[in-house]
Protein chains: 2
Amino acid sequence: MSAEPDVRQRLIEAAADVLGEEGPGALSARRLARDVGTSTMAVYTHFGGMPGLVRAVVAEGFRRLYDRVAAAGLTDDPVVDLAAAAAAYRAHALADPHLYSVMFGSASLGEYRLHDEELEVGLAAFDQLVALVERAMVAGALRQADPAPVAAQLWTALHGYVVLEIADFYRHLDDPESQVLQPMLAHLLASVG
Amino acid sequence: MSAEPDVRQRLIEAAADVLGEEGPGALSARRLARDVGTSTMAVYTHFGGMPGLVRAVVAEGFRRLYDRVAAAGLTDDPVVDLAAAAAAYRAHALADPHLYSVMFGSASLGEYRLHDEELEVGLAAFDQLVALVERAMVAGALRQADPAPVAAQLWTALHGYVVLEIADFYRHLDDPESQVLQPMLAHLLASVG
DNA sequence: CATCCTTCCATAACGGCGTTATGGTCACCG
DNA sequence: CGGTGACCATAACGCCGTTATGGAAGGATG
């Protein structure tokens, strides 16, 4: 049934599965060792402990996020592509909200704190957005400027929306997507366009 | 030294203290019982368990956030007041980042999920912002519209910034406050003004 | 071929955790 | 004055992360 090689990768995938299906409360070295068919010591030889495994899962989450946003593809309209990337980003986060929460660590699992290794993977995903913004600038759809801060503003707003949506803080609004998310992104794009 | 009555409130304050000084990893019923000078059973008689205590701490966090933002006071310029409220909001979050993370971390700490009780306290804080926006509208500083979605957009962007700042995701930018936060809020205000 | 050394994981133990069962104490109410 | 309920101390159960120890496999070295 299960392939035997690469215990490290299988632990990461098992952790991502448990996170997606049962939430962070179900994450434990013993549970993962059982699922993968090994002992808890494998977690220590490969990750140095449970926090190390969580960091690896976070890096994996950023890799998946990168792939998902990249899969949105490109058209001949840079603004349409920006909207498509944002939609893909949100869809990915909502499809695995626990993983997304752990990625942005605010989720406070253990004493986790961002290391350079995971930050690098996260920044690769962010650079995608910078490239999309820069492309819109050279195409004349956005005013010429440093694309990094503009991309950071878009990402910040989108991330804030996703976090509050996952935490169910828009419960009292009907259709928050069209009342909050879309106008907010439209305002930001209009102001830098 | 310590007042004896109201074990419930003392447990909440002890939890907020531990959260602020040592982070969520140090939160435990046994630890809090030791600090307060009681047994773990007090947690169960007053909160029904550890998740119940966390929910109470979240509600307390929203109450403090409300007070902190309200303390910003009012001038005769509604736009200045909006900026002051945003600054107070950010300062409060950065002063106790663990508490802020738990408040919005739908994930991770146990199986915590937002209940109506805490949402109500959170919405009271949000209503402050709605009132500030409405005040700016009647003063003519912002275009007349439904203030709730506008306030939600401002809050979303500000929250996103605070979360990413706490998680140290702006490490690669110098002065993210002036490169990201200020222009983002300015753009949103300009677009609705 | 024999040896060593490194990598990797199984077993078992330690302390701490949330939770539960049980019982005791004290206030209040009939 | 008996009872009844709220509140908490004690102790146990089954988890957890982590560590110590040792054994098995494989490549390098003589």
Side-chain angles (χ1 to χ4, degrees), chain A residues 1-58 98 101-102 105 107-113 115, chain B residues 1-19 21-58 98 101-102 105-113 115:
Chain A
M1 180 62 85
S2 57
E4 286 200 1
D6 213 347
V7 175
R8 177 188 159 91
Q9 193 58 31
R10 285 167 59 207
L11 281 172
I12 293 177
E13 290 173 6
D17 288 351
V18 169
L19 212 52
E21 294 167 12
E22 305 183 39
L27 262 192
S28 81
R30 286 177 154 90
R31 160 69 183 275
L32 295 179
R34 238 181 292 125
D35 287 2
V36 172
T38 178
S39 83
T40 64
M41 277 309 298
V43 174
Y44 288 83
T45 60
H46 289 290
F47 306 98
M50 210 52 192
L53 186 146
V54 172
R55 284 175 34 217
V57 171
V58 168
H98 289 307
S101 297
V102 172
S108 59
L109 208 150
E111 282 305 316
Y112 172 73
R113 187 128 197 97
H115 279 249
Chain B
M1 178 66 81
S2 57
E4 286 199 3
D6 213 349
V7 175
R8 175 188 160 93
Q9 192 58 31
R10 285 166 60 207
L11 281 172
I12 293 178
E13 289 172 6
D17 288 350
V18 169
L19 211 51
E21 293 167 14
E22 305 182 41
L27 262 193
S28 80
R30 286 176 154 91
R31 161 70 183 276
L32 295 179
R34 239 181 291 125
D35 288 2
V36 172
T38 178
S39 82
T40 63
M41 277 309 298
V43 174
Y44 289 82
T45 59
H46 290 290
F47 306 98
M50 210 51 191
L53 186 144
V54 172
R55 284 175 34 215
V57 170
V58 168
H98 289 308
S101 296
V102 172
S106 53
S108 286
L109 218 150
E111 282 304 317
Y112 172 72
R113 187 127 197 99
H115 280 249

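Model, not experiment: these values are computed from the prediction. A note on names: the letters A, B, ... follow the listed sequences, proteins ahead of strands, and every chain is numbered from 1.
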Next item on the list: Please report the shortest heavy-atom distance between Leu53(A) and Leu11(A), naming the atom on each side.
Entry: CD1-CB, 4.4 Å

Next item on the list: For Asp6(A) and dT7(C), give me the distance from atom CG to atom P, rounded to whole Å.
Entry: 17 Å

Notebook entry, point to check: Which pair of heavy atoms, one from Ala14(A) and one from Val36(A), lies closest together, and at what distance?
Noted result: CB-CG2, 3.8 Å

Next item on the list: With heavy atoms under 4.0 Å as the rule, sort Thr38(A) into base, sugar-phosphate or nothing.
Entry: sugar-phosphate

Item checked: Spacing of NE2 belonging to His98(B) relative to CG belonging to Leu27(B), to within rounding of 0.5 Å -> 10.0 Å

Check: CG of Leu32(A) versus P of dT18(D): gap in Å, rounded?
Finding: 13 Å

Next item on the list: Going 5' to 3' through nucleotides 12-27 of chain C, assign each nucleotide B (protein heavy atom under 4.0 Å from a base atom), S (under 4.0 Å only from sugar-phosphate atoms) or - (no protein heavy atom that close).
Entry: -B---BBBBB------

Next item on the list: Could you tell me the separation between the CG atom of Leu11(A) and the P atom of dG17(D), rounded to a whole number of Å?
Entry: 12 Å

Note to self: Rounded to whole Å, please give me the gap between CD in Glu22(A) and P in dC16(D).
What the structure shows: 11 Å

Item checked: Inter- and intrachain pairs under salt bridge (Lys or Arg N to Asp or Glu O under 4.0 Å), touching residues 36-52 of chain A, at least two apart -> none

Next item on the list: For Ala16(B), check side chain to side chain contact (heavy atoms under 4.5 Å, CB included) against everything at least two apart and list the hits.
Entry: Arg64(B)

Margin query: Between His46(A) and dC9(C), is there a contact of a side-chain N or O with OP1 or OP2 at under 4.0 Å?
Written below: yes

Notebook entry, point to check: How would you list, by chain and number, every residue that makes a salt bridge (charged side-chain N to carboxylate O under 4.0 Å, His left out) with Asp35(B), sequence neighbours excluded?
Noted result: Arg31(B)

Output a table of nitrogen or oxygen pairs between the protein and nucleotides 22-28 of chain D separated by less than 3.5 Å.
none

Note to self: Could you report the tightest heavy-atom contact between Ala33(B) and Ser39(B), atom names first, then the distance?
What the structure shows: CB-C, 3.5 Å

Margin query: Please give me the minimum heavy-atom distance between Ala29(A) and Met50(A), naming the atom from each residue.
Written below: N-CE, 3.6 Å

Margin query: OP1 or OP2 of dC8(D) versus the side-chain N and O atoms of Thr45(B): is any pair under 4.0 Å?
Written below: yes

